[in-house]
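Taking it in order: structure first as structure tokens, then the write-up.
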Amino acid sequence: MATLDAAASTPLVEVKALHKEYGSVCALQKLELNVNAGEFLTLLGPSGCGKTTLLRCIAGLETSTAGRILIDGRDVTRIPPERRPLNMVFQRYALFPHLNVFDNVAFGLRLKKVAKEERRGRVHKALELVHLPGYERRMPHQLSGGQAQRVALARALVNEPKVLLLDEPLAALDRKIRQFMQDELRDIHRRSGTTFIYVTHDQDEAMAMSDRIVLMRDGRIEQMAAPGEMYHHPSSQFAAGFIGDANVVTGRVDAGGHIAWQGVVVGTQPGASTGEERAVLLRPEALRVCADDPLSPAVAGEIVGSTYFGFYWLHHIRVGDDVLDVRDFRRWSDGPPTGACWINIDVDRAVVMADQPPTDRQEH
Amino acid sequence: MRRPGGLLAWGLIAFLYLPVITLVVFAFQESPRLGLPFDGPSLRWFEAIWNDAGFRRALWASVRIATASCSVALVVATLAALGLRRYRLRYGSALSVAAVVPIALPGLLVGLALLTYFSSVGMRPSLTTVVIAHTIYVTPYVLMVVTSGLEQLDPSIEEAARDLGASPWQAFWRSTFPLLWPAILGAAVLAFALSFDEFLITLFVIGGDSTLPVFIWSRMRRTIDPSVNAVATGLLTIVITGAVTALSLALMARRRTGVSYADDADSTATAVPLAPAQPGEPVRVAAGVLGSENG
């Protein structure tokens, strides 16, 4: 298990004031980031947030406009990719089509002029690590997507890099294989002890695999935290909405420092002035829909639509000016309920947001 | 019942190839008369030109010139193609267009311009000036073919090679070139054939020597006999053979599964078990990148 205490040891990778511009577009805005040895760090965010650019700058495949990158205390900013102690796994595997699996995996070792015997041993070990022993003679076009990605992993890990960079490696795989590969990757991370920096736009993937998530937006870091922390205490509405489902409502502070919404006290904000507005996050698990006789605290609402997800219904319920998404795990043989209903709120699970409430009401 | 379209197609082919076929047929004419009736076949004219020292000199000159200009054009155009693709140059697209536009220039213009230029720098017309002219003439074509070959390659393959420790030079030779060589070869053969065939510009910048097309032309001005046909047939054969060879090589390259660089000891003699599908891996991804698994 990776230690998250950054103060105890120097971080393995340090990104200092990294700035990257493409003409008029700013892809990275003076980014600061530390990666600890042995951890599984995920760069998460929507397309265009800069996560892939950041990864490629660390790899040396892009040069930054300004800033520095240090690995193990050594400044590698001006060092080309072939001399950095890192290896990368690409989204579309990038296996050499003219070489078989063995030669693909041995590519880096051959460049380093590793002796034949040692080379063979290390390739075999790497293929065993990814559960593909005996595949040495296969050609890349004879592999399935999952197998090709594992060969790419073996090819990177066989060089024993200090950091392994992964650029959305599972994006091209279908769902079943993706889930299998997620388990594989976590297992390989644990067994190899290598530091992983992983890029994805899939928040489920990030939550499932990471020790720490770095949420990015428009070239900046929005929030950096362990998955649980990020889910239960998102620092902004963007973070709240990106990870998990979110309902954000606007409550008003009353005389006692309590934040009230639709007559229900949903949180406290000591020190706030009366009448101020605060954004409050209500995740679906904090809400329960019932027909009548709700347990207090509850608000009244009207179901304006429902979506079926197999093992639950997602109801869209209008309460005042807001529309909330609430999950309903009951089975409805004659179709979902409609019309007036009550929403029971688990106030302990409501989270008061630090940033300003939305000026326009969010429609879901 | 043949569709009228088929008849039209055959008619068009006949129209296009009849002159060439006629040319080749009359190369085997027995008498010195270039007209019907056809008496022969005879190889006397082939024998005649082969024994002609002027022909042999012209042939050898064409070969040397084509080889030289093809080689220079290959290096220059391949570097240009790689550079234009890899780096986001400020005027990159303008450069790409500018490099290819010379194709549209009339040969007369190019020939005249080069002749003027050479005389202004004090270079006498010779085979060297022809090589320079042919290199200029041929480079845009090579650039186009190599660029189109490069565009079919996944750029992350070269990045992967760099990431694994290859210098830019090593990355090119070990990851790009093994995939690009059909395009390079095709471009080389095209360049060779273009140079071999080139007549108009050559006429301007050549001195007392002859290339094969120039030889044919000057020969024709003196005598009209089947020896000209024989030379032309020879030229045609060379060019067609080259083109067909290059094409088949390129097709072969596309179909082959790849060259293994593993030395024998590494390809351990243990029979490779076709490993059963891993648990949780029921289906293959439908990405176009990977083909289907053969049994």
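Throughout, protein chains are lettered first and strands after them, A, B, ... in sequence-line order, and every chain is numbered starting at 1. All values below were derived from every heavy atom in this structure, side-chain atoms included, with hydrogens, water molecules and symmetry-related copies excluded.
- Counting non-hydrogen atoms of other residues, nucleotides and ligands closer than 6.0 Å to CZ of A:R74 gives a total of 12 or fewer.
- At least one side-chain heavy atom of A:R155 sits under 4.5 Å from a side-chain heavy atom of B:L164.
- Looking at every heavy atom in both residues, B:R162 comes nearest to A:P80 through NH2-CB, 4.0 Å.
- Heavy atoms of B:A161 lying under 4.5 Å from chain A belong to its backbone as well as its side chain.
- Summarising the geometry, atom NE2 belonging to A:H98 is positioned 5.5 Å from atom CG belonging to B:L179; distances are rounded to the nearest 0.5 Å.
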For this session: Run the numbers on A:M88 and B:E159 for side chain to side chain contact (heavy atoms under 4.5 Å, CB included), then give the verdict.
Result: CA-CA 9 Å; A:M88 187 148 150; B:E159 287 185 340; 5.9 Å; no
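- Within a 6.0 Å radius of NZ in A:K112, other residues, nucleotides and ligands contribute more than 12 heavy atoms.
- A:L109 does not touch chain B: none of its heavy atoms, backbone or side chain, sits under 4.5 Å away.
- Residue A:N159 touches chain B through its side chain alone, counting heavy-atom pairs closer than 4.5 Å.
- Counting heavy atoms from C-beta outward, B:I157 and A:P97 have side chains that approach closer than 4.5 Å.
- Neither the backbone nor the side chain of A:R84 comes within less than 4.5 Å of any heavy atom in chain B.
- At a 4.5 Å heavy-atom cutoff, A:L165 makes no contact with chain B through either its backbone or its side chain.
- For chain A, the nearby part of B:Q170 is the side chain; its heavy atoms alone come within less than 4.5 Å.
- Residues A:F96 and B:R174 form no side-chain contact, since every pair of their non-hydrogen atoms from C-beta on lies 4.5 Å or further apart.
- Residue A:R83 places its CZ atom among 12 or fewer non-hydrogen atoms of other residues, nucleotides or ligands, all under 6.0 Å distant.
- In this structure, the side chain of A:N87 engages the main chain of B:D163 through a donor-acceptor pair within 3.5 Å.
- Counting heavy atoms from C-beta on, the side chains of A:Q91 and B:S156 never come closer than 4.5 Å.
- The 12-atom threshold is exceeded at OH of A:Y22, counting heavy atoms of other residues, nucleotides or ligands nearer than 6.0 Å.
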